[in-house]
Amino acid sequence: MLEPAAHDSELRETQRFGFRRELAGGQMALLLNIPTTVLVLLVLAYPLGYTLYVSFTQASIKQLQTGKMPLVGFVNYLELFKDPVFLLSLKNTFFFSLVSVPLIVLGGLFVAMAMKPEGFFIARVTRYLILLPWAVPPIAGGLMWNFIYNPNYGYLNAVLRNLGLVEEFVSVVGDPKLAMWAVIVAYVWRVVPFATVMFYAALQSIPEDLYDAAEVDGANAWQRFRSITLPLLRPTITVLLLLRTAWAFMVFDEVFAITYGGPGNATWVAAYFTYSYSFKYMEMGMGAASAYILTFIIALFALFYIKFIYTEIEY
Amino acid sequence: MADKSINRRDFLKWFGLTAAAGAIGGCVAPTPEVIEVEKEVEKVVTQVVEKVVTPTPETKPDELVMIWQTISNQDKLFKPVLDRWEADYGIPVRWIQTPNIEEQVTKTLSMFVAGEVMDVFTVMITSFAQFAEEGIIIPLDGMPGLDDYFEIAPASVKSLTQYKGKTMGMVQWVASQCGCYNKKFLEQGGWESPPETWEEWEDHCLKAKKDGIATYPTLWMCGTGIDHLNSVFYSLVGGAGGKVTEGDGTPTLGPGSKAREVLTWWAKSFLETEISDPRSLELRYYPAAKAYAQGQHLYHLGTRQTFFTVINGGDSPTIGQHDIFKQPGGPSLITGDSSGVGSTSENPEWAWKLMQYLIGKTKDGEYLGPSKLATEVLTPYPAQAVEDPVVSKLWSNLFSLDVALETLADTIAVTDIAPAIMTPWWPKWQDTVNTKLQECLAGLITPDEACDEMADSAMELKG
Amino acid sequence: MVKPAKLRQSIIVNVSNLLTLGVILTPLLALLLGSIQTERSLLGSVEDLVPKEITLSNYLILLGLAEGEQTISGAGEFPRAFFNSAAVGITTTVITIALASLTAYSVARLRWRGSRAYVYLILLTRMMPEIALIIPLFLTLRRLGLLNSYLGLVVTEIGFYLPFATWILMGYLAALPWELEDAARIDGCSRLGAFVRIILPLSAPGMAACAVIIFLLSWHMLVVPLIISSGPDVATLPVLLSSFVTDMNLRYTQMNAAAVMALAPTVILVLLLQKYVVAGLTAGALKG
């Protein structure tokens, strides 16, 4: 994958023999990448650089306006690691990721296995509908879960009551022990389809005769799964773990729409911390620094992911 | 409100972009038009910086800029006001709208940092001190007619606008704490009238619980948010004659303090006597009102008059079953967001005129804005608002007008109960207060621990 | 006579699929049921899972086809927000694909120093939570005079999606056989000619897959239109929906109806173009 080297150099050899002159690969690449580079510099790189600079200042809003923001070095970063609320937000983010990512991977694997068999009508229905949750805009999903969790007329309580599981309607989002789980459920529901699709594609690429041979050898379903499916899914599992952890660290929409960080600060995640510090407390420097700490963690996972893709898939 | 020509221009730009594949370059290079706009803005910024004397009101500005929350209440509430403004003065108003108050804050901050012109905009009471401290809003002292408003508003309103001895804004709407009772349940319990003291409130609730009138007789508004849970707490403390902080921010939450006493009583109602509905802990403004409107509770202490549009309004399944009463004990809390004139305004005096149209009186002395607002919230000028027959009819349909006005007359401003609200570190402390109160009411920590931790946090922030 | 093993498999498959479908559909069903009743009946009868009276009035109010006695603030803006979302989504998708295919081609099919580092860098720019970028993005767009305009929305969103789109398309382009391109080159086709005549047609399915995903991302995007729009003129659906995620002015049934209509287009799109979406997701393995 992604290895044009041999071909391009071969062609360069032949170019000497009378092809009309044209741009070399590098020059042409430069040309082709102008629009992308300009746009990315404009809407992503500049804001990132600005935020990085701000993270090394303790600029007030007034100073941001005048542009005179004296640098203070790593003070914000050091402060953050002493701030119990930031540590709590990081802890919440880790908890959220450590719970939701395995759930997403396991859920995705389960659904992919369930919908794989041919010749079952219901499996075909699942294959058709599996992407629905992923197509729901996060903000609409937020409204949906808000409604479902509502302690007074939500469907969750209505169902539980009809099943006789609760006597009185209960508050999920207002309970410090349950609120984070409410966010996790909403998030996992939206993201499992993504994992399912990845697993399904990987399952499809496993040759059937491997299973047939194992069956002849007398391996039962569990043994076949353990000795054939699981090892061959290893790359997919790794990709999903890395990728989904990176994205899970960025969770914000669900928290903002469902719990608003509450009750108290029980569902303050790192991105919510950034939001609060920047726009509620107007401590832009601290907000920016917290965003960079988060970005650093996410980028680590992302780099592992990229490295993994290249080593694993190029065989 | 839309400026049609700008609209069309943008649309053409956009359309041209899709039409031509070659427009890739065009979307990066600024068009002459854009450069023009750019120059204008530069000019504006330098003018603002160089501005020493405010221009006389005789020089009419080309337009005024207001930033107001909610994406589409304009037809209902402010459109008629802006129409009148334009008819009277002929100055168009560019209205920048945001979906919610949270986005309104991010928008005003972004605009301020960018040096954009901002004439009139809402400033939340919780960030009022920051906006004043950072110089985003300017003092209004000396503006013609300012003092007249303070004369007719309830006495406690003025202190909501004072920062370091200066008037930095004008109150846009107010919310005063107010009890709600379920008439049916009150009758079932055999009580003549709603409680006048907290002891009575508690007794009624205990009996209502024992008799099975209501599982949880009281519903509170204790959700996590900007000023939900903590406002209720301050009102309880203020009503009991206590305070949360001193003027310099020193907390008054120590052992034996009124605040600690109140919190102990409150936590007990959740955890021991169970007269308070535990679901209160996630309910913010409307959700709390809607929950109460289901008719499962005897009493409710609400913050905003908006509640009554919900409780007795068209959507309510228990319409007509509720009425209001004055919060037991002493005076009840009053709070409210203000409007400010931006420091990036080119014409502060014209901005002040526009602000009066929106939340005060028109050129002819009519309280047009407040009477429009009064259909959704309570204004600082209720007596003037009810002069509008629409408002008086609406209000008297929804609740006892006398009680509302009486309640409003006996209020204590949040700035008196918690003077630290006028310090820039307030939002940070407020999050601590919310967290500790919620942990306390959920039984995770004791009222003493909650008070100690809130006090420690305030001392630390105060520095 | 069914073999016990077959029977067992059949039971497992049916049960696990039923479970899956239940989990996928129940929340959506709740939302749907919550949107086809009046506010009063929702608040009044909390235990009826299926409303006694079914009404479409919430939808009609949002579409401006009926007058509501009590309407949620912002209801009247629904059609315009829907149009804005569609217009911005389509434009953004088309241009993003066009630009991303250039970059993807240059990385996958041309030899130049630093090509890998270039795509990594581009990808890494998306590793920061969007909320941290609000003020600098506002400053940039203001300098360019792009605030509160379709152009601003489109330009910014393209920039935001280019990293993903490039990543997805790169995988496709790299997998295309070299022989056809080589043959064209030997026939005297320029590199650009070969790109346009050979590579582009061959990668059409990949582009379709990428396009669906980019449209979906644009349809879901909240932060960018929130920064850029300053009113209903260019506000998109997520911005309008976010005005319902509030503690004021609640009408649950109308909010539910708005959510249903907001999720309908991408849900339908994904159902219709499922094959492409799956291909795109597995190629990009990037954003969910």
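The chains referred to below are lettered A, B, ... by the order of the sequence lines, with proteins before strands, and numbering in each begins at 1.
Contacts of A:Phe110 with chain C are made by side-chain atoms alone, with heavy-atom separations under 4.5 Å and no backbone atom involved. Both the backbone and the side chain of A:Tyr128 come within contact range of chain C, with heavy atoms under 4.5 Å apart. Of the atoms belonging to A:Thr126, heavy atoms from both backbone and side chain fall under 4.5 Å from chain C. For A:Ile148, the part lying under 4.5 angstrom from a heavy atom of chain C is the side chain only. For A:Asp253, no part lies under 4.5 angstrom from a heavy atom of chain C. Using a 4.5 Å cut-off between heavy atoms, A:Leu132 touches chain C through backbone and side chain atoms alike. Residue A:Thr236: no heavy atom, backbone or side chain, is found under 4.5 Å from chain C. There is no contact between A:Tyr260 and chain C, counting heavy-atom distances below 4.5 Å. Using a 4.5 Å cut-off between heavy atoms, A:Met284 contacts chain C through its side chain alone, with no backbone atom that close. For A:Val159, the parts lying near chain C are the backbone and the side chain together; criterion is any non-hydrogen pair under 4.5 Å.
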Evaluation steps, side chain to side chain contact (heavy atoms under 4.5 Å, CB included), between A:Leu48 and C:Thr125: CA-CA 7 Å; A:Leu48 282 168; C:Thr125 56; 3.7 Å; yes
Run C:Trp112 and A:Leu30 through side chain to side chain contact (heavy atoms under 4.5 Å, CB included) and show every step you take. CA-CA 9 Å; C:Trp112 49 289; A:Leu30 196 70; over 6 Å; no
Let's go through C:Leu137 and A:Tyr50 carefully: what are the C-alpha distance in whole Å and the side-chain angles of both, what is the deciding distance for side chain to side chain contact (heavy atoms under 4.5 Å, CB included) to 0.1 Å, and is it a yes or a no? CA-CA 9 Å; C:Leu137 205 52; A:Tyr50 182 94; over 6 Å; no
Starting from the C-alpha separation in whole Å, work towards a yes-or-no answer on side chain to side chain contact (heavy atoms under 4.5 Å, CB included) for C:Met128 and A:Leu294. CA-CA 7 Å; C:Met128 178 166 277; A:Leu294 184 61; over 6 Å; no
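Most heavy-atom pairs under 4.5 Å with chain A, from the set C:Leu271, C:Leu162, C:Ile268: that is C:Leu271. Taking chain A as the reference chain and counting heavy-atom pairs below 4.5 Å, the highest number among C:Val260, C:Leu25, C:Leu21 is found for C:Leu21. In terms of non-hydrogen atom pairs under 4.5 Å with chain A, the most contact-rich of C:Leu19, C:Leu33, C:Ile12 is C:Leu33. Counting heavy-atom pairs closer than 4.5 Å to chain A, the top-ranked of the candidates C:Ala132, C:Ser115, C:Pro27, C:Ser10 is C:Pro27. Here C:Ile24 is the residue among C:Val23, C:Val270, C:Ile24 with the most heavy-atom pairs under 4.5 Å with chain A. Residue with the most contacts toward chain C among A:Phe249, A:Phe256, A:Phe252: A:Phe252 (heavy-atom pairs, distance under 4.5 Å). Ranked by heavy-atom pairs under 4.5 Å with chain A, the list C:Ile122, C:Leu28, C:Ile134 is led by C:Leu28.
One finds the NZ atom of A:Lys307 at 9.0 Å from the OH atom of C:Tyr120 (value rounded to the nearest 0.5 Å). To the nearest 0.5 Å, atoms CG (A:Leu156) and OG1 (C:Thr26) are separated by 11.0 Å. Here the straight-line distance linking atom CG of A:Leu131 with atom CG of C:Leu269 works out to 11.0 Å at 0.5 Å rounding. Note that OG1 of C:Thr20 is 6.5 Å distant from CD1 of A:Ile130, once rounded to the nearest 0.5 Å. Residue C:Gln274 holds its CD atom at 9.0 Å from CZ of A:Arg127, rounded to the nearest 0.5 Å. For the atom pair CG of C:Asn256 and CE of A:Met144, the computed distance is 10.0 Å after rounding to the nearest 0.5 Å.
In plain terms, the two heavy atoms of A:Leu42 and C:Thr140 that are nearest each other are O-CG2, 3.6 Å. Residues A:Ala302 and C:Met127 come closest through the heavy atom pair CB-CE, 3.7 Å. Listed here is the closest heavy atom pair of A:Pro35 and C:Leu102: CG-CD1, 4.5 Å. The two residues A:Tyr155 and C:Gly34 have their closest heavy-atom pair at OH-N, 4.4 Å. The shortest heavy-atom contact between C:Ile131 and A:Phe279 is O-CE1, 4.0 Å. The minimum heavy-atom distance between C:Pro163 and A:Leu44, with the atom names listed, is CG-CD1, 4.2 Å.
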Side-chain atoms of residues 114-124 of chain A: list all donor-acceptor pairs with protein atoms under 3.5 Å, sequence neighbours left out, distances to 0.1 Å.
none

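Using a 4.5 Å cut-off on side-chain heavy atoms (C-beta onward), C:Glu39 and A:Tyr153 make no contact. Counting heavy atoms from C-beta on, the side chains of C:Ile158 and A:Val43 never come closer than 4.5 Å. Between C:Tyr252 and A:Asn146 there is no side-chain heavy-atom pair separated by less than 4.5 Å. C:Leu42 is listed as a side-chain neighbour of A:Phe147, based on a closest heavy-atom distance under 4.5 Å. Side-chain contact between C:Pro129 and A:Thr295 is present, with heavy atoms from C-beta onward closer than 4.5 Å. The shortest distance between side-chain heavy atoms of A:Pro138 and C:Leu222 does not fall below 4.5 Å.
At least one donor-acceptor pair closer than 3.5 Å links the side chain of C:His220 to the backbone N or O of A:Ala135. In this structure, the side chain of C:Trp219 does not engage the main chain of A:Pro137 through any donor-acceptor pair within 3.5 Å.
Among residues two or more places apart in sequence or in another chain, the salt bridge (charged side-chain N to carboxylate O under 4.0 Å, His left out) test is passed with C:Glu157 by none.
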